[in-house]
Amino acid sequence: RLGEHVAGIMPAFRQALTCGQEIAPTDCEFQIEIAGTLRKGRLLQSVLPNTDAPVYLIEQPHYYDRAEIYFENGQDYPDNCERFIFFCRAVLEVIRLRGMPVDVIHCNDWPTCMIPALLKLEHADTPEFAKIRTLLTIHNMAYQGHFDGGCMSLTGLSADHFNPEEMEFHGGLNFLKTGVVFADALNTVSERYATEIQSPPLGCGLESLLASRHDQVSGIINGVDYSTWNPTTDPYLPQNYDIDSWQTGKAICKQALQERVGLQQSQEIPLIGLVGRLAGQKGWDLVARVMERWAPEREVQWVVLGTGEPRFHDLLNQLVKDYPTKIAASFTFSDELAHWIEAGADLFVMPSQYEPCGLNQLYSLKYGTVPVVRATGGLADTINGFSPEVTANGTTNGFSFEAYEADDLEMSLDLACDLFCNNQEVWSHLVETGMQQDWSWSRSAERYVSLYRSMLATETNSTSQQ
């Protein structure tokens, strides 16, 4: 919509082929050699839903026609290295065969990280590739694509590059490290996370390398699709509402949510929502301790949606059994219930150990559900926390705490619940500030276009100086 020519390219996973989007074959077929074996591929074409932006799919059933994307029954596919080397080589082969006039290849996470290396090491003198710039976006440093050192031979690149300065990491082949070394620019999904990954522990072993490229590392917060997450138009909700009608609309949604999940129906009791993985990384160690402390004595309700670690399932099952009118939990995925929780809850809790971006806190702002977050990554960049010393102002939109401690989460929740129950003027200001903020993709897209242009300008300046 900003006037740029953009196309996406991805593997033709079984899930993509069966999603219901119209997909057409093309006449583009190719062969990629992987460890002495020629693998055939074919290009399919579709469009991004509700747009005219093309999406290309690399069809190779041996690699991508599988029940899951990366792993099955809890085990990674043993040929993941081979699968995504094929994909990276296929991307460049498609660009060559179709004569695509590409300025920037925007790589996302480890499966795409061989593309910058192949461009620099194999195609530096290839005319159609020489001016292409690469941007690598790191969505989560914990997932690096680390494989046995013997997999280096699958890349087709010289073994000379299997060294600590380039592709080797603790004796293995590391895709993400390779991308960090060879990409022209690096980017994460929040400004805070871009800083955090340049030191331990969030650098996950690559912090020194990232710090050495400090000038090429930036952060751009992910955007929200307000055509899907908007209480004014949300088709899932029992009552739609906007900033002028949120008090009535949220009250109806809260009552409906309480009735649906079996909680006591009351507008006065604070209702806390949580949606997502039940995992330590998401702060569930802290949440569990606060829930255990509050359930016997506090008039506060909790509604939880998600799946995760068995220990948290067991704890929640016991709490639901002991306090059925205060705590509800659904161990499943439900898009509809997720929307109901965003609209019906008064507070939304995200006390993550680390959070590269986070989206639920942004959904919550739009739905007038005040977030309580730990100040890390994208949570720190998007939630400007309230404190008793600073009254709500034009940017205060939630509650936050720094230390990863249950006591600190409890203090933030205690303050939030106190304001909800006893200071409706301040509470309304928090709600309405969040609802008015723009966290859409329109804002983020403009920053990406600016980053792309700066990459191309840097190359142009470098060329002219030579």
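Along the sequence shown, residues carry numbers from 1.
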Review point. Between Gln144 and Asn174, do the side chains contain an N or O donor and an N or O acceptor separated by less than 3.5 Å?
Key: yes

Could you pull out all donor-acceptor pairs under 3.5 Å where a side-chain atom in residues 215-224 meets a protein atom, sequence neighbours excluded?
none

Exercise for review: Just jot down the side-chain contact (heavy atoms from CB on, under 4.5 Å) partners of Phe401, sequence neighbours excluded, or say none.
Suggested key: Leu286, Pro351, Arg374, Asp408, Leu409, Ser412

Review point. Ring centres of Tyr70 and Phe84 under 6.0 Å apart?
Key: yes

Point to revise | Heavy atoms of other groups near Tyr323 OH, more than 12 under 6.0 Å | key: yes

Check your understanding: Does a donor on one side chain and an acceptor on the other come within less than 3.5 Å for Glu342 and Trp340?
Key -> no

Point to revise | Pairs where residues 93-113 contributes a residue and the test side-chain hydrogen bond (donor to acceptor under 3.5 Å, both in side chains) is met, not counting sequence neighbours | key: Glu93-Arg96, His106-Thr137, His106-Tyr452, Asn108-His139

**Study point:** Atom NE2 of His62: over 12 foreign heavy atoms under 6.0 Å
**Key:** yes

Could you pull out every donor-acceptor pair under 3.5 Å between side chains of residues 22-36 and any protein atom, sequence neighbours left out?
| residue | atom | partner | partner atom | Å |
| --- | --- | --- | --- | --- |
| Thr26 | OG1 | Cys28 | N | 3.2 |
| Thr26 | OG1 | Leu43 | O | 2.7 |

Review point. Atom OG1 of Thr382 and atom CD of Glu191: how far apart are they, to the nearest 0.5 Å?
Key: 11.5 Å

**Study point:** From CD (Glu82) to OG1 (Thr155), nearest 0.5 Å
**Key:** 12.0 Å

Point to revise | Phe71 atom CZ, over 12 foreign heavy atoms within 6.0 Å | key: no

Check your understanding: For the residue pair Phe147 and Phe175, does the interplanar ring angle fall in the parallel (under 30°), tilted (30 to 60°) or perpendicular (over 60°) class?
Key -> perpendicular

Exercise for review: Quick one: which residue pairs count as a ring-ring contact (aromatic ring centres under 6.0 Å, His included) with a foot in residues 6-26, not counting sequence neighbours?
Suggested key: Phe13-Tyr64

Exercise for review: State the OH-CG distance between Tyr354 and Asn140, to the nearest 0.5 angstrom.
Suggested key: 4.0 Å

Point to revise | Ring-face cation contact, Trp441 with Arg443, 6.0 Å cut, 45° max | key: no

Review point. Any side-chain heavy-atom pair from Asp407 and Arg293 closer than 4.5 angstrom?
Key: yes

Point to revise | Sub-6.0 Å ring centroid separation between Phe87 and Tyr63 | key: no

Review point. Do Glu68 and Asn73 get their side chains close enough for a donor-acceptor pair, meaning under 3.5 Å?
Key: no

Exercise for review: Go through the side-chain N and O atoms of Asn230 and Tyr367 and say whether any donor and acceptor fall under 3.5 Å apart.
Suggested key: no

Revision key, fill the gap. Across all chains, not counting sequence neighbours, the side chain to side chain donor-acceptor pair (under 3.5 Å) partners of Asp148 are none

Point to revise | Under 3.5 Å side-chain donor-acceptor pair for Glu207 and Ser199 | key: no

